[in-house]
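Data block below; observations after.
Count residues from 1 along the sequence. Here the structure is a predicted model, which is why all the values come from computation and not from measurement. Worth knowing before you read on, the calculation uses all heavy atoms, side chains too, and leaves out hydrogens, waters and symmetry mates.
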Amino acid sequence: MNQHIPFTEDTEFKENVKAIICQNIKKYRKEKGIRLMDLAEQLDVSVNHLKRIEAKNDRNNISLITLYKISILLDVRIDKFFEKEEIKEEGTSI
């Protein structure tokens, strides 16, 4: 029988969401041709802090206000940062 895991204790979910957000921040920043140091300056954070935000393995969370600022600066709707991109394997199409 499946055991229900309380939402607050579901660390796999939390880590997956963080990884998706981080991946998307980096993806949209690169698509817009914005350098890490330029976005960090616009956010008024250090480059190292922004590197940690974009690092999916970093244990720190991103604040909602910082994510909102990034969405404004990159001109990307905030919900787009939560979308999981399907990974395409070579030789296959989705």
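- Here the CE-CG distance, from Met37 to Leu50, works out to 12.0 Å after rounding to the nearest 0.5 Å.
- Judged by distance alone, the side chain of Asn61 and the main-chain N or O of Lys18 form no donor-acceptor pair under 3.5 Å.
- For the side chain to side chain contact (heavy atoms under 4.5 Å, CB included) with Leu67, the lone residue among Ile53, Ile62, Asn24 that qualifies is Ile62.
- The distance from the OH atom of Tyr28 to the CD atom of Gln23 is 10.0 Å, given to the nearest 0.5 Å.
- Separation of atoms CD (Glu83) and CD1 (Ile21) is listed at 12.0 Å; rounding is to 0.5 Å.
- Atoms CZ and CG, on Phe82 and Asp79 in that order, are 8.5 Å from each other to the nearest 0.5 Å.
- When the shell of 6.0 Å around CG of Asp44 is examined, it contains 12 or fewer heavy atoms from other residues, nucleotides or ligands.
- Residue Lys27 places its NZ atom among more than 12 non-hydrogen atoms of other residues, nucleotides or ligands, all under 6.0 Å distant.
- The line from CG of Leu74 to NZ of Lys69 is 13.5 Å long, rounded to the nearest 0.5 Å.
- For Lys51 and Glu54, the salt-bridge test fails: no basic side-chain N is under 4.0 Å from an acidic carboxylate O.
- Side-chain contact between Lys32 and Leu73 is absent, with no heavy atoms from C-beta onward closer than 4.5 Å.
- Counting only distance, with no hydrogens or angles, the side chain of Asp38 and the backbone of Ile34 share no donor-acceptor pair below 3.5 Å.
- Note that SG of Cys22 and CG of Asp58 are 7.5 Å apart. Values are rounded to the nearest 0.5 Å.
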